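Start at 1 and go down the list; that is how both ligands and their atoms are numbered. No hydrogens, no waters, no symmetry mates; every other heavy atom, side chains included, goes into these values. Computed from a predicted model, the values in this text were never measured in an experiment.
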Amino acid sequence: MRDTWWKDAVIYQIYPKSFKDTNDDGIGDLVGIQEKLPYLKRLGIDALWICPVYLSPQIDNGYDIEDYYKIDPMFGSLTDMKHLIQAAHQLDIKIIMDFVANHTSDQCAWFQKSRQSKDNPYSDFYIWQDAASDGGVPNNWGSNFGGSAWTWDEQRQQYYLHYYAKEQPDLNWENPEVRQAIYQMMTFWKELGVDGWRMDVITSISKDWNFPNNAKPFSTANQQNGPRMHEFIHDMHTTVLGPLDMMAVGEAPAAKAQDAHLLVDPSREELDMIFTFEHMHIDRKPNDVNGRWALQKPDFVALKRILSDWQKELDDKGWNALYFENHDRARVISRWGNDTTYRYESATAFATILHGLKGTPYVYQGEEIGMTNPKYELDEYVDIELKGNYRQYVEENQTISKEDFLAAVHKISRDNARTPMQWSSEENAGFSKAKPWLKVNPNYVAVNVESDLHAKQSIFAYYQKLIQLRHTCPILREGTFDLLLPNHPAIFAYTRTIGEEEWLVVANLSEEPQDIQALVATRQDARWIVQNYQRQTIPTTLGPYESFILASKK
Ligand code: GLC
Ligand code: CA
């Protein structure tokens with residue numbers, strides 16, 4: 001039987017570059033993670049997902065791997081990694097590594113050999129195609145980072161495919177030797193003690209080898225759910241994930257609740273959970289020429305509908321991965337909440353909603369102290385996605401002005417979540433003694449771990465409480481989910497029920513007071529499980545971003 005430890009667990013995501021620097025080069029490192037394990041234990045989390053620390057030219061911050069068997073010296077050594085795994089295990093914290101196998105770096109030895117000729121052992125490790133009859137790209141597929149998904153290679157005299165930067169060529173999963181090489185790498189890390197994988201864009205690994213054009217040139221519509229995706233994932237499960245008992249959470253950008261069980265129904269032996277993007281697009285204008293940079297006010301009715309869909313669909317045939325933040329997402333309180341006047345209230349309100357759901361909650365570093373988006377000038381950002389998209393939309397297409405692009409950057413750019421972790425009010429937020437690789441958010445003087453730990457209203461303490469509930473209350477694992485007030489624009493409310501016991505989870509996602517008489521009228525005897533206002537009695541009106549969980553008997 002597969003060990004399903006994650007069903008009572010909360011997983012903490014670390015972006016190593018920005019977590020804690022211990023050798024004063026301005027870059028976080030493995031020793032830094034180890035140093036902070038007691039902090040993480042105090043928070044109560046059960047596992048760490050560590051973003052890529054493999055040897056990499058860092059074109060996409062480690063999502064371009066040169067050697068799967070080496071640690072990038074910037075982060076430390078393999079010995080540091082072994083020590084970190086041991087130290088974490090001693091504290092009962094599991095380690096989940098990032099599995100980036102849709103693509104490698106162009107500096108990876110496999111690619112270096114592959115590009116040499118059409119008939120060497122690595123020729124078919126990547127996706128090579130001849131030029132079109134006019135000498136141009138094989139088709140109109142686009143890269144996520146702007147421009148075409150094809151780059152010409154002089155040496156081999158062919159184009160290779162890359163869904164991301166040209167320095168990130170896509171692997172050819174059709175080739176059984178590629179799959180074997182990947183399985184071997186997974187086994188290596190299992191032997192070092194790694195407990196599971198977060199699988200980067202796993203739903204992109206299978207390609208349509210007829211290479212049909214997309215309806216819109218340079219779009220990325222072709223990238224998801226290719227013809228052999230399920231077969232490849234199932235094969236990986238039966239060869240590695242199952243026998244080695246490694247947990248797997250896949251990144252599945254286009255997954256909708258209705259088709260998610262194809263990936264996570266345990267009887268299909270594919271993945272344990274997936275990260276959908278669906279609920280994160282509630283502030284994106286649909287089908288706009290400016291893609292992810294075309295924003296609108298967050299639609300909380302849609303948020304509720306989507307999360308509820310996922311709860312219902314995966315209720316008995318799968319498991320949800322729950323998140324609002326990660327290294328590709330902005331800070332949720334800056335994006336959808338209020339990161340100034342109601343920073344504490346909105347941080348805890350979003351946390352309550354998420355952690356009350358059925359599934360495994362993920363906490364992204366800094367979320368537990370309410371870190372916010374910085375508002376930098378364009379040239380202070382470093383992310384390749386932002387730069388590539390600026391070139392495409394502002395400079396080439398000219399469909400968005402620089403000002404509007406920057407406004408969108410302030411809301412949703414990936415660098416918003418990548419600023420250094422704010423540990424204290426010391427120089428560089430206590431992250432490093434040297435100048436950090438990415439500017440520290442200037443609000444670190446007020447917003448930092450040390451001050452939050454001592455605050456009367458501590459976001460950390462609230463997360464601690466939520467995490468503890470996950471460990472001690474079976475209703476969070478098993479309870480049935482039912483959405484209330486589906487059409488209310490600001491109140492997010494639902495129940496979790498198990499036998500006689502019912503929990504009411506409520507949050508006001510606005511600054512205006514909201515009447516909840518109808519919700520609480522029958523629950524006057526209820527007891528508090530958690531709340532972000534210091535109430536004695538159950539209120540009939542919710543204050544700005546007020547949120548709580550109440551337990552009652554049915
Ligand atoms: C995933 C990662 C992202 C990366 C991309 C390419 O979406 O989360 O950070 O840029 O894949 O590997
Ligand atoms: Ca360092």
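Ranking the protein heavy atoms by distance from atom 4 (C) of ligand 1 puts Asp60 OD2, 3.3 Å first. Of all protein heavy atoms, the one closest to atom 5 (C) of ligand 1 is Tyr164 CE2, 3.7 Å. Closest protein heavy atom to atom 7 (O) of ligand 1: Glu251 OE2, 2.9 Å.
Side-chain atoms of Asn172 come within 3.5 Å of backbone atoms of Asp124 as a donor-acceptor pair (strictly under, hydrogens ignored). A donor-acceptor distance shorter than 3.5 angstrom exists from the side chain of Asp195 to the backbone of Ile95, with no hydrogens or angles considered. Side-chain N or O atoms of Ser56 include one that pairs as donor or acceptor with a backbone N or O of Asp64 at under 3.5 Å.
The nearest N/O/S atom of Asp25 to the Ca ion (ligand 2) is OD1.
Distances from atom 3 (C) of ligand 1 to the heavy atoms of Asp328, Asn326, Asp98 put Asp328 nearest. Counting only non-hydrogen atoms, the option in Asp200, Asn102, Asn144 that gets closest to atom 12 (O) of ligand 1 is Asp200.
Between Tyr68 and Tyr54, the ring planes lie perpendicular to each other; the angle is over 60°, past the 30° to 60° tilted range.
In the vicinity of Arg198, heavy-atom distances shorter than 4.0 Å reach the ligand 1 atoms 2 (C), 8 (O). Counting the atoms of ligand 1 from 1 in the order shown, those under 4.0 Å from a heavy atom of His103 are 6 (C), 12 (O). Atoms of ligand 1 found under 4.0 Å from any heavy atom of Arg418, numbered from 1 in the order shown, are 9 (O). For ligand 1, the atoms closer than 4.0 angstrom to any heavy atom of Arg414 are 3 (C), 4 (C), 9 (O), 10 (O).
For residue Asp29, an N/O/S atom approaches the Ca ion (ligand 2) to within less than 3.0 Å. Between the Ca ion (ligand 2) and Asn23 there is an N/O/S contact shorter than 3.0 Å. Counting backbone and side-chain atoms alike, Phe75 contributes no N/O/S atom closer than 3.0 Å to the Ca ion (ligand 2).
Between Trp49 and the choices Tyr15, Phe275, Trp197, the ring-ring contact (aromatic ring centres under 6.0 Å, His included) rule is met once, by Phe275. Partner of Arg414 under the side-chain contact (heavy atoms from CB on, under 4.5 Å) criterion, out of Val409, Asp383, Leu386: Asp383 alone. Remark: of the listed residues Tyr160, Phe125, Tyr122, Tyr160 is the sole one forming a ring-ring contact (aromatic ring centres under 6.0 Å, His included) with Phe111.
Put simply, part of Phe145 is less than 4.0 Å from ligand 1, judged by heavy atoms.
A cation-pi geometry, defined here as NZ or CZ lying under 6.0 Å from the six-membered ring centre and within 45° of its normal, holds between Lys207 and Tyr163. In this structure, Arg329 forms a cation-pi arrangement with Phe277, its terminal cationic atom sitting closer than 6.0 Å to the ring centre and no more than 45° off the ring axis.
Between the OD1 atom of Asp21 and the O atom of Ile27, the angle taken at the Ca ion (ligand 2) works out to 80° after rounding to 10°.
Neither the backbone nor the side chain of Arg329 has any atom closer than 4.0 Å to an atom of ligand 1 (non-hydrogen atoms only). Only side-chain heavy atoms of His327 come within less than 4.0 Å of ligand 1; its backbone N, CA, C and O stay farther off. With a heavy-atom cut-off of 4.0 Å, Phe275 does not touch ligand 1 at all.
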Item checked: Candidate pair Tyr126 and Trp110, rule ring pair (Phe, Tyr, Trp, His ring centres under 6.0 Å), full reasoning -> CA-CA 9 Å; Tyr126 295 84; Trp110 300 344; 7.3 Å; no

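Between Lys433 and Glu427 there is no salt bridge, since no side-chain nitrogen of the basic residue lies less than 4.0 Å from a carboxylate oxygen of the acidic one.
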